[in-house]
Student: 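Let me give you the structure first, and then I'll get to my questions.
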Amino acid sequence: MNEGLAAIRKEAAKEKGMDLRVLDMGPVVLEAGAVEQITPYLEACRYTKVIIVADETTFLIAGQSLEAAIANAGIAVHVTLILPNPQGDVIADEASLVQCILEIKSQSAEVVVAVGSGTLHDIARFSAYATSVPFVSVPTAPSVDGFNSKGAPVILRGEKKTIQSIGPSAIFADLNILALAPPALVAAGFGDMLGKFTSLFDWKFGAMTGGEPYSQAVADITENALLQCVEQVDAIAKRTPDGIRILTNALLTSGFAMLLFGQSHSASGAEHHLSHYWEMEFLRQERRQILHGAKVGVACAEISALYHRLTNEPLPFLKAEQQEAARQLIGQVPNKAAIRQLLAVVGGPSEPRDLGIDEALLERSLREAHHIRPNRYTLLRAYNEGSL
């Protein structure tokens, strides 16, 4: 992945004003056996107190062997297993954050090692930020693009909030581990990437109509990663070594694009707002949570359906030239049927009902989800508010 990171920097260097310093980090290793390089990295950094953040599942997958390797190197290591909520889900809420922060402090840890998928990374990321220590990313499934993001989506008083914190100081993505991830997690990662179809549209729309900052280089980097996944959907569905490498590389590339821009516009639009809305509703109803990428993929299809429908309607909240430009951009977004077909190929859910989302919740989320990120100028927001 270091070569991929160099390619991202080269592409971004073409655009005046991009701050490339944010991509100056430690090793980014995407290869078989990557976990074996973690302990030497910790030794080279001269860390003497390490805390591993995992849950019961990811500890058995990678945390246990990593704990032993670190201890054998003479480094003090402590494991924090994040406790699930009453429904059995590990979520990034106040209880998990306080648990993690208190253990970092009690152990006087110098670095946090996040072993797991998206939620565990969000918990570790925010907790490391709150305690002013770095964190190292060790993904155990190619399920999300947030491993190397600075944003930490957390649940505070039942509401989803994304808090800017810190990115990882190093990433060790072991293909041997990632290739064994359950099919549902692989499908979720693919769904998270498909969401870029609508997020990239919303970003360009927001720049065009709402004056949002925009980077063509970052958009191109993200789109290229997305299209690589679409082109290799069969390999990803079969979970071949190359398919898993392509998906994981795309997820990390999307994360680096967000780091480069400093915000998540390239990877998070109205489809993510729907996903967050559904997550909060399930928490309120005390229902089991759904994988983030699974929600994003299904939401992408629903947002695409709405946006394509709007091309046949007057858009009085836009100027005439903006209406035409928006219609042309929507035409470049795959329709609902195409997105659902791609989701079906990887074996993921493709319709709201597959997630347990009924028509009433879907319609309500399409009316209200834009309030989750009121500073984002998506077409969903423009349509619901009637004007910008």
Side-chain angles (χ1 to χ4, degrees), residues 145 190-231 250-251 253-255 257-258 260-261 263-277 293 295-315 317-343 350 365-367 369-388:
D145 69 349
F190 184 77
D192 204 12
M193 286 306 302
L194 280 191
K196 289 16 167 187
F197 277 124
T198 47
S199 66
L200 287 170
F201 164 82
D202 272 327
W203 189 18
K204 188 164 286 188
F205 175 84
M208 177 179 69
T209 62
E212 290 200 311
Y214 187 79
S215 164
Q216 190 60 55
V218 170
D220 289 344
I221 290 167
T222 306
E223 183 178 33
N224 289 337
L226 162 62
L227 295 179
Q228 286 178 15
C229 285
V230 172
E231 291 169 1
L251 292 166
T253 297
S254 176
M258 287 187 275
L260 184 63
F261 187 65
Q263 299 184 65
S264 64
H265 293 72
S266 58
S268 177
E271 77 295 325
H272 269 68
H273 304 161
L274 251 63
S275 170
H276 294 333
Y277 189 99
K295 295 195 296 285
V296 169
V298 170
C300 178
E302 296 304 319
I303 290 297
S304 173
L306 172 63
Y307 287 3
H308 278 279
R309 178 169 63 80
L310 292 181
T311 62
N312 299 315
E313 297 181 9
L315 305 175
F317 47 85
L318 297 178
K319 299 175 183 177
E321 63 272 18
Q322 291 177 337
Q323 291 188 42
E324 182 56 31
R327 289 191 175 96
Q328 290 183 6
L329 290 174
I330 292 170
Q332 300 171 22
V333 177
N335 62 27
K336 177 171 70 173
I339 292 171
R340 285 184 172 180
Q341 176 59 30
L342 286 167
L343 292 170
S350 59
S365 63
L366 286 169
R367 292 195 307 269
H370 65 283
H371 292 299
I372 290 175
R373 294 294 294 271
N375 61 332
R376 290 288 171 89
Y377 290 94
T378 65
L379 178 53
L380 182 66
R381 170 185 168 179
Y383 174 66
N384 285 328
E385 294 184 350
S387 69
L388 293 170

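Everything quoted here is computed from the prediction, not taken from an experiment.
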Student: After noting the C-alpha distance and the side-chain angles of L274 and K295, does the key distance pass the side-chain contact (heavy atoms from CB on, under 4.5 Å) rule?
Tutor: CA-CA 8 Å; L274 251 63; K295 295 195 296 285; over 6 Å; no
Student: With sequence neighbours left out, what residues match R309 under salt bridge (charged side-chain N to carboxylate O under 4.0 Å, His left out)?
Tutor: E313
Student: Side chains of Y307 and T378: does their closest heavy-atom pair fall under 4.5 Å?
Tutor: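 They are in side-chain contact.
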Student: On the 0 to 90° scale, with breaks at 30° and 60°, tag the Y383-F317 ring pair as parallel, tilted or perpendicular.
Tutor: perpendicular
Student: Between R381 and P374 (side chain of the first, backbone of the second, donor and acceptor by atom type, cut-off under 3.5 Å), is there such a pair?
Tutor: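 Checking the backbone N and O of P374 against the side chain of R381, a donor-acceptor pair under 3.5 Å is found.
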Student: Under 3.5 Å, is there a donor on one side chain and an acceptor on the other for E324 and Q328?
Tutor: yes
Student: For the atom pair CZ (R367) and CG (L380), what is the distance rounded to the nearest 0.5 Å?
Tutor: 11.5 Å
Student: For Q228 and N224, test the side chains for any donor-to-acceptor distance below 3.5 angstrom and give the result as yes or no.
Tutor: no
Student: For A369 versus Y277, what's the shortest heavy-atom pair and its separation?
Tutor: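 A369 and Y277 have their closest heavy atoms at CA-CD1, 3.8 Å.
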Student: To the nearest 0.5 Å, what is the distance between CG on D220 and CG on L227?
Tutor: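 Rounded to the nearest 0.5 Å, the CG-CG separation comes out at 10.5 Å.
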Student: Between atom NE2 of H276 and atom NE2 of H371, what is the distance when rounded to the nearest 0.5 Å?
Tutor: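 Going from the NE2 atom of H276 to the NE2 atom of H371 covers 16.0 Å.
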Student: If every non-hydrogen atom of V218 is compared with every non-hydrogen atom of S215, which pair is closest and at what distance?
Tutor: N-OG, 3.1 Å
Student: What's the verdict on side-chain contact (heavy atoms from CB on, under 4.5 Å) for T222 and F261, showing C-alpha distance, side-chain angles and the deciding distance?
Tutor: CA-CA 11 Å; T222 306; F261 187 65; over 6 Å; no
Student: Return the minimal non-hydrogen interatomic distance between R373 and S264, and the atom names on each side.
Tutor: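 Residues R373 and S264, closest heavy atoms: NH1-OG, 4.1 Å.
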Student: Taking atom OG1 of T209 and atom CG of L379, what is their separation to the nearest 0.5 Å?
Tutor: 8.0 Å
Student: Quick one: does R376's side chain have a donor or acceptor within less than 3.5 Å of a partner on S268's backbone?
Tutor: yes
Student: Could you verify whether a donor N or O on one side chain and an acceptor N or O on the other, from T198 and E271, lie under 3.5 Å apart?
Tutor: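 Short answer, yes.
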Student: Does any N or O in the side chain of S199 come within less than 3.5 Å of the main-chain N or O of S266, such that one atom is a donor and the other an acceptor?
Tutor: yes
Student: What are the two closest heavy atoms between I221 and A257, and how far apart are they?
Tutor: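 The pair with the smallest heavy-atom distance is CG2-CB, 4.2 Å.
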Student: Would you say S254's side chain and L251's backbone share a donor-acceptor pair under 3.5 angstrom?
Tutor: no
Student: Checking H370 side chain against A382 main chain: does a donor-acceptor pair fall under 3.5 Å?
Tutor: no
Student: Can you measure from OG (S275) to CD1 (I303) and round to the nearest 0.5 angstrom?
Tutor: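 Output value for this atom pair is 11.0 Å.
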Student: With no hydrogens and no angle check, is any side-chain donor or acceptor of S304 less than 3.5 Å from a backbone partner on P334?
Tutor: yes
Student: Can R327 and I330 be said to form a side-chain contact (heavy atoms from CB on, under 4.5 Å), step by step?
Tutor: CA-CA 5 Å; R327 289 191 175 96; I330 292 170; 5.6 Å; no
Student: With the threshold set at 4.0 Å, does a side-chain nitrogen-carboxylate oxygen contact exist between E212 and K204?
Tutor: no
Student: Drop me the distance from Y377's OH to E385's CD, to the nearest 0.5 angstrom.
Tutor: 9.0 Å
Student: Could you give all pairs that pass the salt bridge (charged side-chain N to carboxylate O under 4.0 Å, His left out) test and reach residues 193-203, with sequence neighbours left out?
Tutor: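 For residues 193-203: D145-K196, D192-K196.
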Student: Given side-chain contact (heavy atoms from CB on, under 4.5 Å), test N384 with L366 step by step and report yes or no.
Tutor: CA-CA 9 Å; N384 285 328; L366 286 169; 5.9 Å; no
Student: Checking W203 side chain against P213 main chain: does a donor-acceptor pair fall under 3.5 Å?
Tutor: yes
